[in-house]
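Structure first, commentary second.
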Amino acid sequence: MKSEDQARFLFGISLSDRPMWQQFIICSSGFFFGYLVNGICEEYVYNRLQFSYGWYFTFVQGFVYLGLINLQGFTTKKMVNPWKTYVKLSAVLMGSHGLTKGSLAWLNYPAQIMFKSTKVLPVMVMGAFVPGLRRKYPIHEYISATLLVIGLIIFTLADANTSPNFSILGVVMISGALIMDAFLGNVQEAIFTMNPDTTQTEMLFCSTVVGLPMLLPPMILTGELVRAWNSCAAHPYVYGVLVFEAIATFVGQVSVLSLIALFGAATTAMVTTARKAVTLLLSYIIFTKPMTEEHGTGLLLIALGIILKMVPENQVYKHAKSFKDVLMKVPEVEEDEENKALV
């Protein structure tokens with residue numbers, strides 16, 4: 001956990017006066033709930049309805065966010081950071097959202113979330129270069145992240161064999177979103193670190209306000225704005241699904257910002273990976289997709305990576321030292337046995 005002792009709240013629930021494990025459970029629960037609902041809604045809209053309007057859906061979602069933030073009573077007078085702080089952050093955030101949602105037109109949902117889950121390694125690497133962080137991680141966390149990535153690759157390759165909706169364009173789009181996500185988490189952590197009075201609501205509000213106009217050029221240039229408007233007008237119930245998804249995602253977004261503020265970007269990336277694994281399993285269960293041995297192997301490696309990440313750093317080095325001590329004592333034991341035999 002980060003060392004700062006600033007007050008943190010999550011939807012009225014005080015986090016600062018609770019033990020670290022309770023903070024983690026509360027934030028993770030909100031995140032899991034929000035994004036599990038988000039995943040099911042995205043699978044339904046993109047794969048079942050064949051609506052692939054990532055930029056437009058992100059645009060609609062942004063207005064829902066602003067409405068929910070307004071209901072919470074947040075105003076610009078409560079801001080503690082200048083607007084310029086959020087310009088780059090907003091551009092990356094909206095680009096990541098748009099590419100992620102748009103990639104579902106060429107990737108099936110499990111393949112997409114497995115690619116997105118690999119962001120833990122770029123997040124850890126980039127954390128060493130972001131001003132205000134310069135963060136370094138112990139070796140066992142890199143091993144944990146590597147296990148995750150290998151597991152995700154195995155699963156993705158298996159998914160490519162069992163599901164037809166998999167293309168190079170989709171991989172390029174999700175890779176772009178992956179790079180943006182690695183930058184995004186570390187910049188958010190840096191803002192919280194350099195100005196501890198920054199609230200999760202402020203960051204989400206400013207990022208959305210600055211980012212919404214940035215979505216218009218790609219929508220207009222690609223013609224997606226007109227196509228999406230006409231499609232949704234012909235199926236107005238889609239807006240209901242989008243609003244419901246946005247509300248759930250709002251809960252998840254505020255929760256993940258709380259995790260970043262309290263535990264850092266890399267730990268948050270591991271939590272998001274665990275969520276993606278659960279979402280993945282639900283996707284296969286709800287939409288009855290075939291699973292192979294490769295899928296099982298990939299999920300097993302993911303679980304091992306998560307378990308290793310959960311082991312405290314001092315315990316890792318303690319067990320490593322104990323194991324080393326045992327190895328050093330073995331020759332002594334053998335020598336004692338030889339001496340006894342001579343006697």
Side-chain angles (χ1 to χ4, degrees), residues 2 4 6-12 15-16 27 30-31 34-35 38 54-101 123 126-127 130-133 177 179-219 242-243 245-265 268-269 272:
K2 297 172 68 175
E4 288 87 350
Q6 68 271 23
R8 291 288 170 196
F9 293 87
L10 181 62
F11 299 113
L15 299 175
S16 302
C27 295
F31 172 71
Y35 277 91
N38 168 269
W55 301 108
Y56 183 75
F57 290 168
T58 303
F59 191 70
V60 173
Q61 179 176 288
F63 282 101
V64 178
Y65 281 5
L66 294 179
L68 293 172
I69 292 172
N70 182 62
L71 290 176
Q72 289 187 317
F74 181 83
T75 64
T76 54
K77 294 180 180 180
K78 298 181 180 180
M79 290 175 56
V80 296
N81 294 305
W83 281 102
K84 65 179 182 180
T85 304
Y86 298 101
V87 174
K88 291 182 180 179
L89 185 67
S90 301
V92 173
L93 178 63
M94 293 304 168
S96 173
H97 279 253
L99 289 173
T100 299
K101 292 181 181 296
V123 165
M126 193 170 290
V130 173
L133 287 182
I179 295 172
M180 290 183 178
D181 279 346
F183 178 79
L184 178 67
N186 282 296
V187 172
Q188 288 172 330
E189 182 182 354
I191 293 174
F192 282 127
T193 301
M194 292 186 289
N195 193 342
D197 292 328
T198 306
T199 64
Q200 305 93 304
T201 304
E202 174 186 328
M203 184 169 290
L204 188 57
F205 172 80
C206 295
S207 300
T208 304
V209 169
V210 176
L212 279 176
M214 298 179 183
L215 294 174
L216 289 173
M219 283 195 296
L242 291 179
V243 170
E245 176 191 352
I247 294 173
T249 309
F250 177 80
V251 175
Q253 281 279 351
V254 177
S255 299
V256 78
L257 288 174
S258 301
L259 282 170
I260 291 174
L262 294 168
F263 297 95
T268 303
T272 62

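Cys206 and Met79 get closest at one heavy-atom pair: SG-CE, 3.5 Å. The two residues Gln200 and Ser258 have their closest heavy-atom pair at NE2-OG, 2.6 Å. Closest of all the heavy-atom pairs between Cys27 and Leu10 is CA-CD2, 4.1 Å. Pairing each heavy atom of Ile247 with each of Leu68, the nearest pair is CA-CD1, 4.0 Å. The minimum heavy-atom distance linking Ala246 with Gln61 is given by the pair CB-CG, 3.8 Å.
Asp181 has its side chain within reach of Leu184: a pair of non-hydrogen atoms, C-beta onward, lies under 4.5 Å apart. Put simply, the side chain of Leu89 reaches to within 4.5 Å of the side chain of Met203, judged on heavy atoms. When side chains are defined from C-beta on, Thr58 counts as touching Leu215, because their heavy atoms get closer than 4.5 Å. Contact of the Lys88 side chain with the Val187 side chain is not registered, since no non-hydrogen atoms from C-beta on lie closer than 4.5 Å.
Between the CG atom of Leu216 and the CE atom of Met219 there is a distance of 4.5 Å, given to the nearest 0.5 Å. Atoms CD and CG, on Gln253 and Leu204 in that order, are 6.0 Å from each other to the nearest 0.5 Å. One finds the OG1 atom of Thr76 at 10.0 Å from the CD atom of Glu202 (value rounded to the nearest 0.5 Å). To the nearest 0.5 Å, atoms CD (Gln188) and OH (Tyr86) are separated by 10.0 Å. Expressed to the nearest 0.5 Å, how far OH of Tyr56 lies from CG of Leu242 amounts to 8.5 Å. The CZ atom of Phe183 lies 12.0 Å from the OG atom of Ser96; values are rounded to the nearest 0.5 Å.
Of the possible polar contacts, one joining the Thr198 side chain to the Asn195 backbone as a donor-acceptor pair under 3.5 Å is found. Side-chain atoms of Lys78 come within 3.5 Å of backbone N or O of Gly73 as a donor-acceptor pair.
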Chi angles and distances behind the side-chain contact (heavy atoms from CB on, under 4.5 Å) call for Val254, Phe31 = CA-CA 8 Å; Val254 177; Phe31 172 71; over 6 Å; no

Give the C-alpha distance, both sets of side-chain angles, the deciding distance and a yes or no for side-chain contact (heavy atoms from CB on, under 4.5 Å) between Leu66 and Leu212.
-> CA-CA 10 Å; Leu66 294 179; Leu212 279 176; 3.8 Å; yes

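Under the ring pair (Phe, Tyr, Trp, His ring centres under 6.0 Å) rule, Phe250 has a single partner from Phe205, Tyr65, Tyr35, which is Tyr65. If you run side chain to side chain contact (heavy atoms under 4.5 Å, CB included) between Ser90 and each of Thr85, Val210, Val209, only Val210 comes through.
Ring orientation note: the planes of Phe59 and Phe63 are nearly perpendicular, at an angle over 60° on the 30°/60° scale.
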